[in-house]
Amino acid sequence: MSNVTAFLKRLVLGRALRSEELGGTLLPKRLALPIFASDPLSSVAYATQEILLVLTLGGLAYLHFTPWIAAAVVFLMTVVVLSYRQVVHAYPSGGGSYEVASTNLGPAAGLVVAAALLVDYVMTVAVSVASGVDNVISAVPALAEYRVLMALVFVALLTAINLRGVRESGRAFAAPTYLFIAGVLLMCGTGLLRYLLGDPPVAATAQYGIAPVPAEANLVGLALVMLVLRAFSSGCTALTGVEAISNGVPAFRKPKSRNAATTMAAMGLIAVTMFVGVTTLAIVADVRITDDPCRLTGLPDCENYTQRTVIAQLAASVFGGEGSFGFFYVQAATALVLILAANTAFNGFPLLASILAQHRYLPRQLHNRGDRLAFSNGILALAVVAGVLLWAYRANVTSLIHLYILGVFTSFTLCQTGMVLHWGRELRTETDPVARRRHHTSRIVNGTGAVITALVLVIVLLTKFTQGAWLAVLAATVLWVTMRSIRRHYDATSAELAVTDPRKELAPPSRVLTVVLVSRLHKATLRALAYARATHPDRLEALTVAVDREAAAELERQWEAAGIDVPLKILDSPYREITGPALLYVRSIRRESPRDVVAVFIPEYVVGHWWENVLHNQSALWLKSRLLFTPGVMVTSVPWQLRSAARADRPAARAPGAVRRGEPVPPPRS
């Protein structure tokens, strides 16, 4: 690694941590809350807005359903939080919904949960960042044309912060989360106090009417029910990320389960309070928001009008306009926490991916910790996929929201169903009356959660499938099939490599036939010959391919003049190809002596600059890649370090990860 690269890596990631320092990264509750609960806490910034956007499709007449839908969302959130508190105590190892489903419903169900959660984590990053960008644009409309660029920059910043480790990201995200909570509670308290004192806040859009979408006007019967259910399913975005704490129990300080359960209860109480406050204030202030500004009747120039978010309209109405300090404070805190809410996914996705990799459902590299003891490969994978999604959907919340929450309710339903079976199994063996009553209560809580979340899952599937949720279903299905295939591959590889008869496997080959590939007679060639001879093969020969017959004849003369006692085999190549004739020759040796091993030594240059690789080793690399597929052939690269490599290898300081890679400590500079 070059000195510049090492410096930049250290600047971004910080000092590499030893494995023994993992205990120092454990989180107190005050840091765990913003890390694992920033998503459900911040979702109140757009959950109410999503309810209103659906209801206004039918016009103003349907907004009277808002409090009833909000009440249903609050009830659902309460049930889910209580249910996951049971998960935290019963399964503290950090597998969360995946572990519960795998243990009680079988590996296939566990993989369904895992696939759904992985997709939902990606959507969490995309929706949170896009919504944060929306709030930035609400405060500064001139930035609208830079929407996608801002979203991608925010994802990159989140990635860099999370690569520094869980504790570091907690410190970075704690203040914005608590500032957001304080801002929203202050806004709601001030607005409701003004209402009680007879001076209710009025949104700037309250003067406008709303023209219904023709297909959604004058709804009755089943059509009206479907509209209300669509609004409810959109409002359920307030529940996203609730399960993250159950996945992150190992990151808490001891007692882990108790601290995680306490943090989850605090999260639920704060989230419910803010959601009820924002929804009530939106009703009081007569907020108007639609999917298309031109549906706002009375608006002079709808084509050039940028709608402000519900939170922005409420802050302006409560604190005295769009130029007030309170407005900018709430907008800044909301935008920041929505962007940082993606941190819930940046912690949940890598941890779940690590567990899946440990169980051989994902590539094993995802189980490795990086320099800062974070699961760096999982963090980078999440950032790349979320970035592509934001770019593809132009960071548009309305388009992305339809792909959302399907996965999380799939995991909710299967997890709670698994917990019902878990408590049933515990009751069959438990004899203590107090414990049995506690288990019965827990089973009722989880059973209620399973039924309700299953109904919500059906509602979400029915109302959002044709609007884009089919893509999330397809992605989860492809991921499920892929993980099953990876597990089959790992299992087949393990079976293939299993030792059945150690004595037979350790039996040496009959003979070792060694071939040294030669292009010209120089120091690298002689080193390869010396190393090959040091292995004491049964037969040793040099091999060259005569692409240029005059050059081959000159090599043969130099060979004889140097007195090298290794026979030189020259292969004719009328079509000026190197790889084909050499490969055929090595394979012919194997056919003649199938019980022997053919060892091929290839001299290679080690260079110090990336561009030098283009100038050297191309034929050697291609031939090596072909020989590796030939059974009974061993390929050995013999390096020759050019001067540029020697200069590049001078260590200025130990880079992050040096200890983990086994690199020696550089000597001190004089």
Side-chain angles (χ1 to χ4, degrees), residues 40-56 60 62-75 77-78 131-132 134-135 138-139 177-210 231-232 234-239 268-290 296 307-338 341 397:
L41 291 176
S42 66
S43 62
V44 302
Y46 53 81
T48 300
Q49 177 173 307
E50 293 304 316
I51 294 174
L52 297 178
L53 281 171
V54 175
L55 290 178
T56 54
L60 288 176
Y62 298 100
L63 290 180
H64 71 276
F65 288 109
T66 302
W68 300 104
I69 294 173
V73 172
V74 168
F75 174 72
M77 181 180 289
T78 303
S131 185
D134 264 1
N135 279 273
S138 290
T177 303
Y178 288 123
L179 288 173
F180 169 73
I181 294 171
V184 171
L185 292 179
L186 178 63
M187 179 185 72
C188 294
T190 303
L192 295 177
L193 180 62
R194 285 180 54 184
Y195 172 74
L196 293 175
L197 295 176
D199 179 29
V202 179
T205 56
Q207 59 181 309
Y208 303 130
I210 297 179
F232 171 68
S234 293
C236 286
T237 54
L239 278 78
L269 180 62
I270 295 170
V272 165
T273 302
M274 290 196 299
F275 176 71
V276 170
V278 169
T279 304
T280 304
L281 197 57
I283 296 171
V284 168
D286 285 332
V287 170
R288 305 286 189 259
I289 189 167
T290 64
L296 292 173
Q307 289 192 98
R308 298 191 185 277
T309 61
V310 168
I311 286 286
Q313 293 188 45
L314 292 178
S317 64
V318 169
F319 294 119
E322 297 172 0
S324 63
F325 172 79
F327 170 78
F328 282 105
Y329 171 82
V330 171
Q331 282 305 101
T334 302
L336 193 56
V337 81
L338 280 169
V397 177

Handout entry: Ile311 vs Met187 side-chain heavy atoms within contact, under 4.5 Å
Key = yes

Exercise for the section: Could you check if a side-chain atom of Val278 sits within less than 4.5 angstrom of a side-chain atom of Cys188, using non-hydrogen atoms only? Expected result: yes

Exercise for the section: Ignoring hydrogens and angles, tell me if any N or O in the side chain of Thr280 forms a donor-acceptor pair with the backbone of Gly277 under 3.5 Å. Expected result: no

Exercise for the section: Measure the CZ-CG distance between Arg194 and Leu281 for me, rounded to the nearest 0.5 Å. Expected result: 9.0 Å

Problem - Heavy-atom pair of closest approach, residues Ala238 and Met77 - result: O-CE, 3.3 Å

Exercise for the section: Check Ala206 against Ala285 and note the closest heavy-atom contact, atom names and distance. Expected result: CB-O, 3.9 Å

Handout entry: Minimum heavy-atom distance between Phe327 and Gly321, given as atom pair plus value
Key = CB-O, 3.4 Å

Exercise for the section: Would you indicate whether Tyr329, at its atom OH, is surrounded by more than 12 heavy atoms from other residues, nucleotides or ligands within a distance under 6.0 Å? Expected result: yes

Exercise for the section: For residues Gly191 and Pro201, report the shortest heavy-atom separation together with the two atoms involved. Expected result: O-CD, 3.5 Å

Handout entry: side chain to side chain contact (heavy atoms under 4.5 Å, CB included) between Leu41 and Val337, worked out
Key = CA-CA 9 Å; Leu41 291 176; Val337 81; over 6 Å; no

Handout entry: Interatomic distance, Thr309 atom OG1 to Gln331 atom CD [nearest 0.5 angstrom]
Key = 5.0 Å

Problem - Main-chain N/O of Pro40 paired with Ser43 side-chain donor or acceptor, under 3.5 Å - result: yes

Problem - Distance, nearest 0.5 Å, that separates CD of Gln313 from CG of Asp286 - result: 11.0 Å

Practice task
Keeping the roles fixed (side chain from Gln307, backbone from Ile289), state whether a donor-acceptor pair exists under 3.5 Å.
Solution key: no

Handout entry: Side-chain touch Thr279/Val73, heavy atoms, less than 4.5 angstrom
Key = no

Exercise for the section: Hey, could you give me the CG/OG1 distance between Leu296 and Thr290, rounded to the nearest 0.5 Å? Expected result: 4.0 Å

Problem - From CH2 (Trp68) to CD1 (Ile51), nearest 0.5 Å - result: 14.5 Å

Exercise for the section: Kindly give the heavy-atom pair with the smallest separation between Val330 and Gly183, and that separation in Å. Expected result: CG2-O, 4.2 Å

Problem - Exam field: side chain Gln49 to backbone Val310, donor-acceptor pair closer than 3.5 Å - result: yes

Completion exercise
Output for pair (Leu186 CG, Phe319 CZ), nearest 0.5 Å, gives 4.5 Å

Exercise for the section: Flag the pair Ile181 / Tyr178 as yes when at least one side-chain heavy-atom distance between them is below 4.5 Å, and no otherwise. Expected result: yes

Handout entry: Smallest separation among heavy atoms of Arg288 and Leu63, with atom names
Key = NH1-CD1, 4.2 Å

Practice task
Answer whether the closest heavy-atom distance between the side chains of Phe180 and Val44 falls below 4.5 Å.
Solution key: yes

Problem - Ile283 vs Pro67 side-chain heavy atoms within contact, under 4.5 Å - result: yes

